[in-house]
**Q** 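I have a structure here, written as structure tokens, and I will follow up with some questions on it.
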Amino acid sequence: MDQVAGMLDELDAERSRREPRFPADQPTADDILAELDAALQKQIEHLQRQRRVIAHLRTQNLAADFPERAAGALAAMDRLARVADEPGFMGLALSDADQLAMGIAAHLYSEAELAEIERVFNAIVDRDYVDEYRKISRAVNVLPADASAPQRQAAVDACVGFLAKLIDCFDPQNWLRADKDYEVLLDRTASESFNSAQIDVSEQIFGEFARILVRRRDGEGDCG
């Protein structure tokens with residue numbers, strides 16, 4: 001990088017000699033390097049996140065804070081994250097806070113609940129819903145805190161419509177019950193990274209989705 005910087009400085013000097021009225025707003029060597037450095041930093045953060053996930057998978061999550069029985073759920077989440085390359089409205093970023101939440105969930109969630117997580121994320125890839133997932137994720141992730149009621153409703157409708165396509169992967173018994181203490185804690189942890197509009201939209205999505213599950217309680221089979 002030092003060598004590149006020197007070369008670009010020389011290039012700037014040469015261009016200035018040839019073009020004495022060179023526009024002041026034209027990118028300089030420092031501007032180019034700053035942009036390159038920012039792009040590289042994002043790549044480093046992304047790769048570090050992937051390495052943490054891979055480390056979990058290679059050890060089959062045998063560490064004390066991540067039981068082996070949750071390996072399938074994490075593998076399914078990692079699979080979608082690699083295909084979609086999008087954090088997503090279902091918490092795919094696997095940041096430090098997300099990994100902590102998954103560690104808690106791995107200990108406290110039942111086998112049926114962990115199996116449901118695995119089914120849902122695998123189904124998004126297997127049913128070729130990744131593009132739709134990516135589009136919805138980005139829409140929710142950029143929703144501003146002052147989003148209007150129509151904007152919020154559009155986000156709710158899009159997410160509920162998407163989840164409805166995966167309805168057979170969800171077990172109503174995992175949803176149509178009072179929240180357990182650890183679920184309240186995990187929800188609060190997740191909400192810390194959301195703005196007020198995103199929290200409002202998430203609550204509306206859950207309400208609408210719960211109503212769909214109520215209607216389905218006597219219905220169709222499980223996701224394959």
Side-chain angles (χ1 to χ4, degrees), residues 46-47 49-63 65-141 155-156 158-176 182-183 186-187 189-191 193-194 198 201-202 205-206 208-210 212-213 216 220-224:
H46 177 70
L47 291 172
R49 246 189 348 257
Q50 288 188 323
R51 289 194 68 199
R52 288 197 296 269
V53 173
I54 291 170
H56 276 307
L57 296 176
R58 290 185 67 181
T59 60
Q60 295 188 350
N61 306 304
L62 294 177
D65 63 343
F66 212 106
E68 183 178 3
R69 69 192 187 95
L74 185 62
M77 293 172 69
D78 177 58
R79 180 189 181 205
L80 177 55
R82 285 185 285 104
V83 173
D85 193 27
E86 189 73 25
F89 66 90
M90 287 186 281
L92 277 179
L94 288 183
S95 64
D96 290 341
D98 294 324
Q99 291 191 40
L100 173 61
M102 277 300 295
I104 296 172
H107 281 288
L108 300 177
Y109 280 9
S110 68
E111 297 288 349
E113 290 165 335
L114 290 170
E116 180 182 83
I117 294 173
E118 185 175 353
R119 285 197 304 271
V120 171
F121 286 110
N122 278 329
I124 294 174
V125 178
D126 293 339
R127 299 180 184 184
D128 200 21
Y129 292 160
V130 174
D131 285 344
E132 185 176 355
Y133 168 82
R134 187 185 294 116
K135 180 179 179 181
I136 292 172
S137 298
R138 289 175 179 169
V140 175
N141 290 339
V156 171
C159 291
V160 172
F162 178 74
L163 291 173
K165 295 181 177 181
L166 301 165
I167 193 66
D168 57 309
C169 295
F170 292 92
D171 183 350
Q173 293 186 17
N174 291 336
W175 295 81
L176 304 179
Y182 64 81
E183 291 173 324
L186 291 175
D187 286 343
T189 300
S191 296
S193 61
F194 298 156
Q198 291 168 326
V201 164
S202 297
I205 291 170
F206 176 79
E208 291 291 335
F209 186 58
I212 294 175
L213 288 171
R216 178 190 173 263
E220 335 213 337
D222 292 327
C223 177

**Q** Could you give me the CA-CA distance, side-chain angles and deciding distance for Asn122 and Glu118, then say whether side-chain contact (heavy atoms from CB on, under 4.5 Å) is met?
**A** CA-CA 6 Å; Asn122 278 329; Glu118 185 175 353; 3.6 Å; yes

**Q** Cys169 versus Glu116: any side-chain heavy-atom pair under 4.5 Å?
**A** no

**Q** Using the side-chain contact (heavy atoms from CB on, under 4.5 Å) rule, take Lys135 and Glu132 through it: C-alpha gap first, then chi angles, then the decisive distance, then the call.
**A** CA-CA 5 Å; Lys135 180 179 179 181; Glu132 185 176 355; 5.7 Å; no

**Q** Ignoring hydrogens, what is the shortest heavy-atom contact between Leu176 and Ala210? Give both atom names and the distance.
**A**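 Closest pair (atom of Leu176, atom of Ala210, distance): CD2-O, 3.7 Å.
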
**Q** Looking at CZ of Arg138 and CG of Asn141, how far apart are the two atoms once the value is rounded to the nearest 0.5 Å?
**A** 9.5 Å

**Q** Checking side-chain contact (heavy atoms from CB on, under 4.5 Å) for the pair Phe194/Val201: CA distance, chi angles, key distance, verdict?
**A** CA-CA 10 Å; Phe194 298 156; Val201 164; over 6 Å; no

**Q** Determine whether Lys165 and Arg127 make a side-chain contact, defined as any pair of heavy atoms from C-beta on separated by less than 4.5 Å.
**A** no

**Q** Measure the CZ-CG distance between Arg119 and Asp126 for me, rounded to the nearest 0.5 Å.
**A** 13.0 Å

**Q** For the CG atom of Leu163 and the OH atom of Tyr129, what is their distance to the nearest 0.5 Å?
**A** 11.5 Å

**Q** For Ile212 and Val160, work out which heavy atoms get closest and say how close.
**A**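 Minimum heavy-atom separation between Ile212 and Val160: CD1-CG1, 3.6 Å.
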
**Q** Does the side chain of Trp175 pick up a donor-acceptor pair with the side chain of Glu113 at under 3.5 Å?
**A** no

**Q** For the atom pair CD1 (Ile117) and CG (Asn174), what is the distance rounded to the nearest 0.5 Å?
**A** 9.0 Å

**Q** Which residues satisfy the side chain to side chain contact (heavy atoms under 4.5 Å, CB included) test with Gln173, sequence neighbours excluded?
**A** Asp171

**Q** Look up atom OG in Ser202 and atom CZ in Phe209, then write down how far apart they are to the nearest 0.5 Å.
**A**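 Spacing of OG (Ser202) from CZ (Phe209) equals 13.5 Å.
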
**Q** Would you indicate whether the side-chain heavy atoms of Arg134 and Val130 approach each other to under 4.5 Å?
**A** yes

**Q** Go through Ile167 and Leu213 one step at a time and tell me if the side-chain contact (heavy atoms from CB on, under 4.5 Å) criterion holds.
**A** CA-CA 8 Å; Ile167 193 66; Leu213 288 171; 3.4 Å; yes

